[in-house]
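Only this structure's heavy atoms are used, side chains among them; waters, hydrogens and symmetry mates stay out. Values in this document were obtained by computation on a predicted structure and should not be read as measured data.
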Amino acid sequence: MPRKSITKEFSQHSAQASLRRVLIIPFVLQIVAVIALIGWLSLENGQQAVNNVAGQLRSSIVGRIEQRLEDYLFTPQLITQLSLQEILNQHISIQEPEELIDNVRGKMRLFDTVNHIKFGFTDKNFIGLEQFDQASFRVNISRPENNYGFSTYNLSSGNPNFLGSEQLIETKPEFDLQSQPWYKGAVEAGKPVWSPIYTQFNTPRLAITYSVPIYDRQQQLLGVTGVDLPLSQIGEFLKNLVVSKSGETFILDRSGFLVASSVKERPFLIIDGQTSRLRATSSNIPTIAKSTAFLFDRFQNLTRINQEQQLDFLLDGKRELVQVAPLRAYPELDWLIVVVNPESDFMGQIDANRQSTIYLCLGAFILALITGWYTSERILRPIQSLSKAADALSKGEWNQAVDVHSQGELGVLARAFNRMALQLQDSFTALETKETKARTMAELLQEAQKVAHVGSWERDITTQKVTWSEEVFRIFGLEPRAESLSYQEFLAKIHPDDRQHVADILSRSSAAGQPHQIEYRLVRPDNSVRYVFSKGLYSYDDAGEITRAFGIVMDVTDRKDSELALQKSAIALQQKANQLEMTLEELQRTQTQLIQGEKMSALGQLVAGVAHEINNPVNFIYGNLTHARTYADNLLELLTIYQREYPDPSLALQAKIEDLDLDFVVIDLPKLLDSMQVGAERIREIVKSLRSFSRLDEAEMKSVDIHEGLDSTLMILQNRFKAKGNQPEIIVHKNYSTLPQVECYAGQLNQVFMNILSNAIDAIETPPEDFSCPAPQIEIQTMIKNNKWIQISIKDNGIGIKPELLNRLFDPFFTTKPVGQGTGLGLAISHSIVVEKHKGNLDCKSVLGEGTEFIISIPVKHHASLG
């Protein structure tokens, strides 16, 4: 049936029904509907509240478990870092077992969650300290004296010799240190790692170990240190954690094995003396087994759980609420935290409330029937009396009065009805009074507009007549008059720069019938410029057609002047702030350069002093070698003549000749002198290079040979080019062109060469694990450009630099080297020396995996660059 027909039929039935039915039936139906709706909503809201509370409880428990695990797992990292730092700083010695154990015991007393700290070395030696109970410790040793077995000793505070036979508890054979998962994993990774869960060698319990490899300063592996965490402590924490009446918590890895749980069941099995981990699906606890099986069915693979999930499943026909979340702080452990709560723990009160709600609805229905009948009787009597009086009033009988004694709404209605006749007589007088007040308000409005510099305007759409208030004329600098300006005259008053903008906005607003607001400048007849804010609105008739446009005009010149002044002040302050920031950056850069320059100056003085001290004895040796060689040649020549003149020496002389091996001496002595001369020349070259490099402290600009500075730098770095261990020799290729003498700060340029070449050697010697350089080499090339500039290229075939780091390469304190191996000042200072001191360019080109090239360009004549 169409909607209109239904409404019409309902209206007809309502009109025919008695007033009593109309009052009682809707009243009762509304009360019953409201109570039923409230009951239903209360049940639904109760269920929703239970779900929310359960979800918040599970999330809170997961958060507490995760926080506890983070604190628990952080302790081994802190202990290993402290041990490594003390070993590297030689505060403790790994060669002294007593000193090592005493240091470890202090850490275990400080961190009570750790029960075993151990050290394994590359020579298969092993030593560890285990906390047996809260007050006693045991030392575990594996070394050649016990055929690398696993010996356990009591640690007695009264006997410092803890390795005595009287403290020995037991020795287990066949302890292979290098096969232990905590040792093997750290050696293979070459960095700190968490071991997989394993059974400790001397006790049938599960643990994990945080292992860190120990390297000496030459990056040679010395051994591995590890800190054991027993998983039983995690289980104890979960047992003491209050979840709900029947709730359980447990932790499992993504392969489905239990790590720890809040139940008494152990997470491992002992079969024939062998310990094996327990699968969660094989647990004797139905909650753990069924919830884990549900997670496998839901996700197929536990590795797919990458974020916290709230789930539910049925266990023996009852709904179980599950919260599962990965251990986000330590993703390498790959653990999942699971919290399971039966829904019945939260639904007891909800079920009890359901029956109470049903009884309440029935009682409300009965009460609504009684209340509706009584209320209808109280309402009908005064309404009938009021209906008779209204009918008489409609016939012109103005002396009607309704006698109603009710103090409620009907009483108010009756008293209002009685006053209506009197008010009709007084209405004409009231209209006249309102007209007088309206005229007064209009006059006050004009005065207010004059004070506030706000005028109003109105435009009739039909007649296109525009009316301005007096203040609008004053704002435009005109005398008030009856006729306002035409549209063209209005546009002519607007500043030429704003005229088209105002016309476009008014045109769009009028076409769309949308409100508008504009801020523009107008030019008064005295040529003064005023800032004006204008806002316009539209009114519509019942058909939706625009009938009238109206709005206001406000003089905002004072505000605009203040804004402009504030903008100028803000710009001036910003400029000062920028200047201060630039000055601060310059001071910081200058301070950095002064510190580095002072260091290099001291280095130059040291090198110059060493070169001077070596130079004198070397010159003495080198100068006397020529005379020594002449004397030796003369003696040998004399000996030859003597042998020719006296071919038969005496027996004593022959014996002496044989003892001295005179023939060998005659042959070897010239060779010995040649070797000494070569060595002396080599020392002279080194001294020459040191003296050349020592020009670091020279502050004045000179014309120098650039190749001499490069060669002296290469001579100083010669030792770093040689082969070391597995690192092959670095081959240096010099492609020098013929260069003129260059005006420069020679010492500072040598500093640039030293920084760039040192970085090239570092890039070749310390590559990452996945990069190797079988034939390391450095190529140095010089050339002249346009007879005014020289270019020096230093290129290596090392690992290269990532593209995103190239823009920051010359920033102070930025370095790509590991912590402790670089300050980040070398390239920043080199860039400052080349660009600011020599007005040149320092560029870097690099391809990751292929190498890096630094290109230095400086002018031959310093004054040419300034021009």
For K493 and L478 the tightest heavy-atom approach is NZ-CD2, 4.2 Å
When every non-hydrogen atom of L564 is compared with those of Y531, the smallest separation belongs to CD1-OH, 4.0 Å
*Does a side chain donor of either Q323 or E308 reach within less than 3.5 Å of an acceptor in the other side chain?*
yes
task = Decide yes or no for I475 and W468: does some side-chain heavy atom of the first lie under 4.5 Å from some side-chain heavy atom of the second?
result = no
Under 3.5 Å, side chain of Y540 to main-chain N/O of G513, donor-acceptor pair present? yes
(request) Please say whether more than 12 non-hydrogen atoms of neighbouring residues, nucleotides or ligands are located less than 6.0 Å from CD in E489. (result) yes
Tell me whether R499 at atom CZ has more than 12 heavy atoms from other residues, nucleotides or ligands lying less than 6.0 Å away. yes
Original post:
Considering only heavy atoms from C-beta outward, does the side chain of V322 approach that of V339 to under 4.5 Å?
Top reply: no
Are L311 and F299 close enough, and set up right, to give a side-chain contact (heavy atoms from CB on, under 4.5 Å), and what steps lead you there? CA-CA 12 Å; L311 309 168; F299 297 99; 3.8 Å; yes
Side-chain contact, heavy-atom cut-off 4.5 Å: E66 with I337?
-> yes
Is Q517 reaching over with its side chain to a backbone N or O of G536, donor-acceptor style, under 3.5 angstrom? no
In terms of heavy-atom contacts, S528 and D526 come closest through OG-OD1, 2.7 Å
Rounded to the nearest 0.5 Å, the NE2 atom of H831 sits from the SG atom of C844 at a distance of 11.0 Å
Correct closest heavy-atom pair for V835 and N841 would be CG2-CA, 4.5 Å
Evaluation steps, side-chain contact (heavy atoms from CB on, under 4.5 Å), between V324 and I305: CA-CA 8 Å; V324 58; I305 303 177; 4.2 Å; yes
Query raised in the report: R508 side chain to H516 main-chain N or O, any donor-acceptor pair under 3.5 Å?
Result: no
Can you tell me if Q307 has over 12 outside heavy atoms packed within less than 6.0 Å of its CD? no
Given the rule in the side-chain contact (heavy atoms from CB on, under 4.5 Å) test, do R459 and F550 qualify, once you have shown the distances and angles that lead to the verdict?
CA-CA 6 Å; R459 177 165 61 92; F550 59 94; over 6 Å; no
With a 4.5 Å limit on heavy-atom distance, are the side chains of R319 and L321 in contact? yes
With a 4.5 Å cut-off on side-chain heavy atoms, are V553 and V532 touching? yes
**Message:** Do the side chains of D555 and R530 get close enough for a salt bridge, i.e. N-O under 4.0 angstrom?
**Reply:** yes
task = Find out whether L491 and I494 are in side-chain contact, i.e. whether some heavy atom of one side chain is under 4.5 Å from a heavy atom of the other.
result = yes
Distance-only side-chain donor-acceptor flag, Y538 / S509, under 3.5 Å: yes
Take L69 and L327 through the test side-chain contact (heavy atoms from CB on, under 4.5 Å) and record every step on the way to the result. CA-CA 8 Å; L69 288 176; L327 182 58; 4.1 Å; yes
Is a side-chain donor or acceptor of S456 paired with a backbone partner of I552 at a separation under 3.5 angstrom? no
Check your understanding: Should the pair F490 and F476 be assigned to parallel (<30°), tilted (30 to 60°) or perpendicular (>60°) ring geometry?
Key -> tilted
